[in-house]
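Report on one structure; see the data block that follows.
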There are 2 protein chains.
Amino acid sequence: MSKDEPVTLIAVARVAGVSKTTASDALRDSGRVSERTKQHVIAVARRLGYSPNPAARSLRRASTGVIGLHLPEILTRSEYYMSFVFGVVDEAARHNHDVTLLTSNHLPGSFHRVDGVILGDPLETDPVVRGLIDSSVPVVTCERFTGEGAPAGVVLSDHAAMLEELLDHLVAAGARHVAFLASSTVTDWGRTLQRTYLDWSERHRRRPRLREMAFGSPSTVTQDNVRALLNADPEVDALVCAPDGAAAAVLPVVRAAGRTIGRDLLLASCVDSTALAHTDPPITAIDLRPRDAGSECARLLFDLLSGEAETGTVRTQPIGLVERASTRMA
Amino acid sequence: MSKDEPVTLIAVARVAGVSKTTASDALRDSGRVSERTKQHVIAVARRLGYSPNPAARSLRRASTGVIGLHLPEILTRSEYYMSFVFGVVDEAARHNHDVTLLTSNHLPGSFHRVDGVILGDPLETDPVVRGLIDSSVPVVTCERFTGEGAPAGVVLSDHAAMLEELLDHLVAAGARHVAFLASSTVTDWGRTLQRTYLDWSERHRRRPRLREMAFGSPSTVTQDNVRALLNADPEVDALVCAPDGAAAAVLPVVRAAGRTIGRDLLLASCVDSTALAHTDPPITAIDLRPRDAGSECARLLFDLLSGEAETGTVRTQPIGLVERASTRMA
DNA sequence: GTGAAAGCGCTAACAC
DNA sequence: GTGTTAGCGCTTTCAC
């Protein structure tokens, strides 16, 4: 970590008996100095505990060694984002970059310059997201940005295919009338799921039963929605919940309505979490592999920065279905 | 956000027709320039879209405008930390500081200099935590650091008092034999809870029934522990779970053992989460108010940096008990 | 293969 | 009340 009296490049150069240019070149492996002096300088630097001053470096260079990570706070109650963050930080560390967090409480221009930005589930309506997309720094989004403007890179998962797989799975398990508790369409994810459900319903000539909820709705809203849905449509025999945490909140409502999960009502979630593995019964869910998604976003960003990836690159990140008791008709 | 061709202080000074010192002083409100020129410079800066280059600034000054936040990944599945992070970032933004994330995967000295560091639940055994505590940057920990060395500031909650309140609450609800599923003692929190439970048991002349689990244990371990506990001690009529997520994981085991929560077994958690509000029955829990804790850590750190707080300051952060159906004997 | 010097954008010390 | 100057620690010409 940091020393009490930071060791500068000049100190290293002096002790090693070379100029600071040579010291700099040796430590950065520029291929300019002889192997002998290089090793010598490196040894001296290590002995003195030298570590370069990033401020000086980024003042001189174009890059800062820092990437920004923006998450919409309204969505961040979940463990999904925590894993995502660690995926990003981990990959960034591998590229010797730090990660600073940008929130929607940040005023425009109030934060440090960054080499690039990762946007987790960018909300079309978020002004900070807007500003970031419009800025000149490379942006990678996790899921598409539904507003105007194109990020330099996009990492996405095939939510449509996975939701279809889930819906088919419900039908295979005996469901005939599948309802869908949707997230709002301000994110690409929410929009994709909603569209997929409607398309699927039409293709299978099933009347869609969809209720939409705003992000960040308290679970009482979830419960009111589901209560109303089950009342209005007693024939519903399967329910898929998009919002994180909704499926678990639904359980008491279902019970109160005199229905039994796994017997006369199947239940599934579009976001897996540890909690879902231990509800009674455990709930089938789509595993979004957030840590991998985070790493992949960072990887793409660094590829973009190094020129290994072209602007406009879109990469796909696999996700999985975790089948649990809630969708096995007893 | 950042401009394509960054506007420097010199540009502002030139356009405003003053020297760069005056421009600098005007923009930083140093009290050196006349009100008239100050307003003029500010207007020009705004018009040009000037924003100071933080690298240059931190190269010249002592400070960097960045604080570090370290979280132990092993504990970070929970929504607790996500809220904590946002509390920190929010307060930091209020002080015009950015937050960079430090993880235990970071190599020593591999990250940017920071003005201070916040350590969420520092693990005694984590080498990065060790290095940070030993470094010369001010450190604020959330909960005490149980190893050698003293951080500059500590934010803590009275977990002992709150756990006692919870235990008393269980007794008042009719419990006679309260078991405790403990977290390991590598964090202050885990240690405090464990000690409090044992003290309380002794004071009330009750035989302690304690099982300890390592942080990050999969929930199958939780379940095995509880199964064993209920088997070995059928008279247990209340269970308090320390690890985040454990209480929810316990429910199926309890049911399988033929016990009914709220009738012949009371259940409570030491960490509240949205999931606990919707289990069947909802589970009583201690609300740790993580967002407030995060903000308070940042506030203390900035007070330390500005000299408004003295080294060694310890501040207390209130927490609360959320009583739910799981601890109401039917 | 190595060194000297310029300068990134800013702030602080010292003029006037 | 304002300007001039000297660096912060590094990388990058350009010279030898």
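A note on names: the letters A, B, ... follow the listed sequences, proteins ahead of strands, and every chain is numbered from 1.
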Using a strict threshold of under 4.0 Å (side-chain N to carboxylate O), is an ion pair present between [Y] and [X]?
| X | Y | answer |
| --- | --- | --- |
| A/Asp90 | A/Arg299 | no |
| B/Arg191 | B/Glu143 | no |
| B/Asp188 | B/Arg144 | no |

Taking [atom1] from [X] and [atom2] from [N], how many angstroms apart are they, rounded to a whole number?
| X | N | atom1 | atom2 | result |
| --- | --- | --- | --- | --- |
| A/Leu27 | D/dC10 | CG | C1' | 12 Å |
| B/Arg57 | D/dG9 | CZ | P | 18 Å |
| B/Arg61 | D/dG9 | CZ | P | 16 Å |
| A/Asn53 | D/dC8 | CG | P | 12 Å |
| B/Leu59 | C/dT11 | CG | C1' | 10 Å |
| A/Ile10 | D/dG7 | CD1 | P | 12 Å |
| B/Arg113 | D/dC10 | CZ | C1' | 12 Å |
| B/Leu9 | D/dT4 | CG | P | 14 Å |

With the sugar-phosphate defined as primed atoms, P, OP1 and OP2, and the base as all remaining atoms, what B/S/- string results for nucleotides 1-6 of chain C, 5' to 3', for protein heavy atoms under 4.0 Å? SBBBBB
Distance-only, no hydrogens or angles: does the B/Asp115 side chain make a donor-acceptor pair with backbone N or O of B/Thr64 under 3.5 Å? yes
Among pairs that include at least one residue of residues 294-313 of chain A, which meet ring-ring contact (aromatic ring centres under 6.0 Å, His included), considering only residues two or more places apart or in two chains?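 Listed once each, the pairs are A/His95-A/Phe302, A/His97-A/Phe302.
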Parallel, tilted or perpendicular, as decided by the 30° and 60° cut-offs, for the rings of B/Phe84 and B/Tyr81: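 Taking B/Phe84 first and then B/Tyr81, their aromatic rings stand perpendicular (interplane angle over 60°).
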